[in-house]
Amino acid sequence: MTPAIDRLIRALRILPGVGRKTATRHAYALLNFPESSVTELADALTGLIGAVGRCDECHNWTEQSPCDLCAHRTAADQICVVEHPLDVAAIDGTGRFRGLFH
């Protein structure tokens with residue numbers, strides 16, 4: 001295994017649920033992708049750091065603050081406390097809660 005492949009495997013292992021075997025499988029799969037696809041993935045990962053931050057109101061991940069959810073809430077007297085940003089998406093997806101998230 002080359003140092004570059006080993007480095008990629010170690011980097012992929014930071015993802016939840018990705019152990020050495022899965023990371024190795026992903027690394028070798030990426031080697032078979034067109035260069036344009038790998039470059040697009042690398043650019044998306046790099047762009048993520050500068051583009052995404054926390055909403056000042058609910059602390060969810062967003063590209064602007066306040067986020068779209070906070071900017072369009074109609075029941076500001078209700079607050080739903082969530083543990084993870086994915087919880088916001090799940091609750092908001094029901095269309096029933098119109099309050100603020102935190």
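All heavy atoms count here, side chains included; hydrogens, waters and symmetry mates do not.
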Do the side chains of [Y] and [X] get nearer than 4.5 Å, heavy atoms only?
X: T62; Y: D68; result: no
X: F33; Y: E40; result: no
X: M1; Y: I9; result: yes
X: L15; Y: T22; result: no

Notebook entry, point to check: Nearest heavy-atom pair of L31 and I5: which atoms, and what distance?
Noted result: CD1-CD1, 3.8 Å
Notebook entry, point to check: Applying the 4.5 Å side-chain criterion to the ILVMFWY set and letting contacts propagate, would L8 and L45 be lumped into a single cluster?
Noted result: yes
Check: Hey, quick one: are L41 and V38 part of the same hydrophobic cluster, counting side-chain heavy atoms closer than 4.5 Å, chains of contacts allowed?
Finding: yes
Once you round to the nearest 0.5 Å, how far does [atom1] of [X] lie from [atom2] of [Y]?
X: E57; Y: C67; atom1: CD; atom2: SG; value: 7.5 Å
X: C58; Y: I79; atom1: SG; atom2: CD1; value: 11.0 Å
X: L30; Y: E35; atom1: CG; atom2: CD; value: 12.5 Å
X: N32; Y: S37; atom1: CG; atom2: OG; value: 11.5 Å

How about [atom1] on [X], more than 12 heavy atoms from neighbouring residues, nucleotides or ligands closer than 6.0 Å, or not?
X: R7; atom1: CZ; answer: no
X: I14; atom1: CD1; answer: no
X: Q64; atom1: CD; answer: yes

Next item on the list: Run the salt-bridge test on R13 and D6 with the 4.0 Å N-O cut-off and return the result as yes or no.
Entry: no
Side chains of residues 81-102: which donor-acceptor partners sit under 3.5 Å, not counting sequence neighbours?
{"from": "D87", "atom 1": "OD2", "to": "E83", "atom 2": "N", "distance (Å)": "3.4"}
{"from": "D87", "atom 1": "OD2", "to": "H84", "atom 2": "N", "distance (Å)": "3.0"}
{"from": "D92", "atom 1": "OD1", "to": "R73", "atom 2": "NH2", "distance (Å)": "2.4"}
{"from": "T94", "atom 1": "OG1", "to": "I91", "atom 2": "O", "distance (Å)": "2.7"}
{"from": "T94", "atom 1": "OG1", "to": "R96", "atom 2": "N", "distance (Å)": "3.3"}

